[in-house]
Amino acid sequence: MKYLILISVFLIAISSSAQECTNESLLKTPGIWTESGGSTSGIAAADLAKEKKVVAAIQTMIKSQFTPMGVRARINGSYFRSESYMPVNSYSFNIIPLNFYCDGNRMKTADETSTYFQISVNFFDVDIYDTAKGDRAMAEGFNVIHNLPVEKDGYWYLKEVDSGMGFGMVGKSCGWLITYDGKLPFAYVTKKEFLEKRKKNVTNSMHNAEAGFKDALKNIEMEKGFKETEYKNDPDKLKKYMEMSYQYTKDKFEKLLANNEKNYKPEFDKIETQLRMSAEELNQQAIVKLDQNANLSSYHFTDNNDPFGEILIKPNPGYFNMKLPRSSPQFIWVNVIWNHHEPIASMFREDIMKAVDFATLKSMLGK
């Protein structure tokens with residue numbers, strides 16, 4: 001009997017080692033959970049304890065309904081230090097599913113992936129707590145989203161859209177906002193607000209251009225002084241510099257300075273014409289599109305059906321209950337990004353969303 005058992009174990013081992021690794025078999029291979037820590041610096045101890053409790057509850061919800069298949073599901077919690085202008089702390093539960101793959105007949109785990117799942121508390125993928133910064137502040141003047149939330153079954157759904165995944169790849173992304181009933185944690189910008197901000201930005205741009213041209217002319221004169229000293233004993237070189245470099249460059253910037261206001265006038269005229277629209281039109285939501293044919297940055301109004309439309313948003317401090325602790329969930333963002341060309345990633349997207357209990361997440365708000 002002892003020898004029969006040994007022979008059976010040996011035959012099973014041979015059969016197992018000879019089993020072919022295929023893309024189809026990977027889809028049926030049970031996955032593995034792994035956990036890693038998250039950054040927690042700069043967060044008050046009491047807030048961090050509450051945030052970890054919320055993340056643990058979210059993890060329990062997911063793990064009770066989702067079994068990873070074909071992936072090593074790496075999970076962690078992320079806890080972000082809040083800035084003074086933010087009324088809340090933000091934190092998240094994350095899953096990075098690393099695909100199994102076949103190396104010959106051996107199954108291995110990928111070192112990286114473009115697929116990502118996140119349930120974030122008081123966090124959205126665009127800054128909703130502050131106004132636009134940098135180039136965007138001088139362009140549209142407001143932060144931008146490209147997908148209009150649609151209220152459905154008590155939640156806000158952001159439709160599936162293309163999403164850059166690096167290395168020239170394009171995948172898919174979709175999301176859900178769980179908020180206080182009928183409210184959003186950000187506000188939409190009206191056409192009037194956009195036009196007024198745009199007028200200020202264009203004015204600043206014109207003044208900056210003027211200052212730049214004047215500085216260039218000052219630098220040209222400074223350089224002329226240096227060259228006059230350098231070529232004081234070589235009149236031929238000085239003459240060549242004056243004719244070929246100095247005069248040409250000076251004429252160029254003097255012309256730019258003289259035409260500066262003229263170049264901006266069409267944009268100012270366009271804005272002034274739009275500001276004369278009816279009060280009803282000016283109060284409509286601003287969705288804008290950059291005019292690719294304009295010499296200066298210029299925008300057209302468009303609608304949500306335009307794939308290049310930019311939906312302008314601004315902070316909505318009135319949404320938040322300021323009496324609650326900073327760690328309290330006041331909205332939740334569910335987001336999944338995946339490579340829809342990969343069967344394992346597509347299966348992960350379908351299975352993980354079945355594990356999201358929206359009612360449970362909704363019950364966390366304001367607690």
Side-chain angles (χ1 to χ4, degrees), residues 19-39 55 58-78 91-121 123-126 145-150 152-153 155-178 307 332-358 360-361:
Q19 184 177 0
E20 184 179 8
C21 181
T22 66
N23 291 334
E24 290 73 21
S25 67
L26 293 176
L27 291 168
K28 301 175 183 178
T29 302
I32 303 169
W33 288 107
T34 60
E35 293 190 37
S36 60
S39 174
V55 168
I58 294 172
Q59 178 174 315
T60 298
M61 175 191 73
I62 293 296
K63 293 186 75 171
S64 69
Q65 298 295 325
F66 171 72
T67 300
M69 298 292 290
V71 298
R72 178 185 294 273
R74 192 170 71 195
I75 60 178
N76 65 67
S78 297
Y91 47 100
S92 64
F93 167 77
N94 318 294
I95 301 180
I96 302 173
L98 299 170
N99 286 11
F100 293 157
Y101 69 96
C102 294
D103 183 5
N105 274 337
R106 294 183 62 192
M107 187 183 74
K108 294 185 176 181
T109 304
D111 294 325
E112 58 185 24
T113 180
S114 299
T115 304
Y116 189 74
F117 173 77
Q118 183 178 58
I119 297 180
S120 303
V121 177
F123 175 84
F124 189 49
D125 61 352
V126 174
I145 60 175
H146 296 91
N147 199 347
L148 192 66
V150 177
K152 184 178 180 181
D153 300 326
Y155 314 105
W156 298 92
Y157 172 62
L158 284 84
K159 67 182 180 181
E160 183 178 301
V161 294
D162 292 338
S163 177
M165 309 189 79
F167 306 104
M169 297 188 301
V170 177
K172 296 291 184 181
S173 172
C174 59
W176 294 259
L177 269 170
I178 302 165
I332 296 174
W333 166 238
V334 180
N335 182 225
V336 58
I337 301 171
W338 75 102
N339 186 341
H340 57 296
H341 298 298
E342 291 182 355
I344 291 178
S346 296
M347 179 176 67
F348 171 81
R349 180 260 186 262
E350 293 299 321
D351 291 347
I352 194 65
M353 288 312 305
K354 293 176 183 176
V356 178
D357 187 332
F358 285 88
T360 295
L361 295 178

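To the nearest 0.5 angstrom, Lys63 atom NZ is 11.0 Å from Phe66 atom CZ. One finds the OG1 atom of Thr67 at 11.5 Å from the CD1 atom of Ile62 (value rounded to the nearest 0.5 Å). Distance check, rounded to the nearest 0.5 Å: CG of Asp125 to CD of Gln118 gives 8.5 Å. With rounding to the nearest 0.5 angstrom, the OG1 atom of Thr109 is 7.0 Å from the CG atom of Leu98. The distance from the CD1 atom of Ile119 to the CD1 atom of Ile95 is 7.5 Å, given to the nearest 0.5 Å. The distance from the CG atom of Asn76 to the CG atom of Asn94 is 4.5 Å, given to the nearest 0.5 Å.
Considering every non-hydrogen atom in both Cys174 and Asn335, the closest pair reads O-ND2, 2.8 Å. Considering every non-hydrogen atom in both Phe100 and Arg72, the closest pair reads CE2-N, 3.7 Å. Across Met61 and Val356, no two heavy atoms sit closer than the pair CE-CA, 4.2 Å. In terms of heavy-atom proximity, Ser163 sits nearest to Ser173 at CB-CB, 3.6 Å. For Glu20 against Ser25, the heavy-atom pair with the smallest separation is O-OG, 4.0 Å. Across all their heavy atoms, Ser92 and Val55 have their closest contact at O-CG2, 4.0 Å.
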How far apart are the C-alpha atoms of Ile58 and Leu361, what are their side-chain angles, what is the distance that settles it, and do they pass the side-chain contact (heavy atoms from CB on, under 4.5 Å) test? CA-CA 8 Å; Ile58 294 172; Leu361 295 178; 4.1 Å; yes
Quick one: do His146 and Val161 satisfy side-chain contact (heavy atoms from CB on, under 4.5 Å)? Show the steps, please. CA-CA 9 Å; His146 296 91; Val161 294; over 6 Å; no
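Ring centroids of Trp333 and Phe124 are separated by less than 6.0 Å, placing the two rings close together.
Checked by atom type, the side-chain pair Gln65/Asp357 shows no donor-acceptor distance below 3.5 Å.
Looking at Ile32 and Pro68, their side chains never come closer than 4.5 Å, going by heavy atoms from C-beta outward. Side-chain contact between Met353 and Val334: present, with at least one pair of heavy atoms (C-beta onward) separated by less than 4.5 Å. Between Pro343 and Asn23 the shortest side-chain heavy-atom distance does not fall below 4.5 Å. The closest side-chain heavy-atom distance from Met347 to Leu27 is below 4.5 Å. In this structure, Lys172 and Asp162 have side chains that are in contact, with non-hydrogen atoms separated by less than 4.5 Å. Met169 is not listed as a side-chain neighbour of His341, based on a closest heavy-atom distance of 4.5 Å or more.
Aromatic ring pairs are classed by plane angle as parallel below 30°, tilted from 30° to 60° and perpendicular above 60°; the pair Phe117 and Phe93 is perpendicular. Using cut-offs of 30° and 60° on the angle between ring planes, the pair Tyr157 and Trp176 is tilted.
Other residues, nucleotides and ligands place no more than 12 heavy atoms under 6.0 Å from the NZ atom of Lys159.
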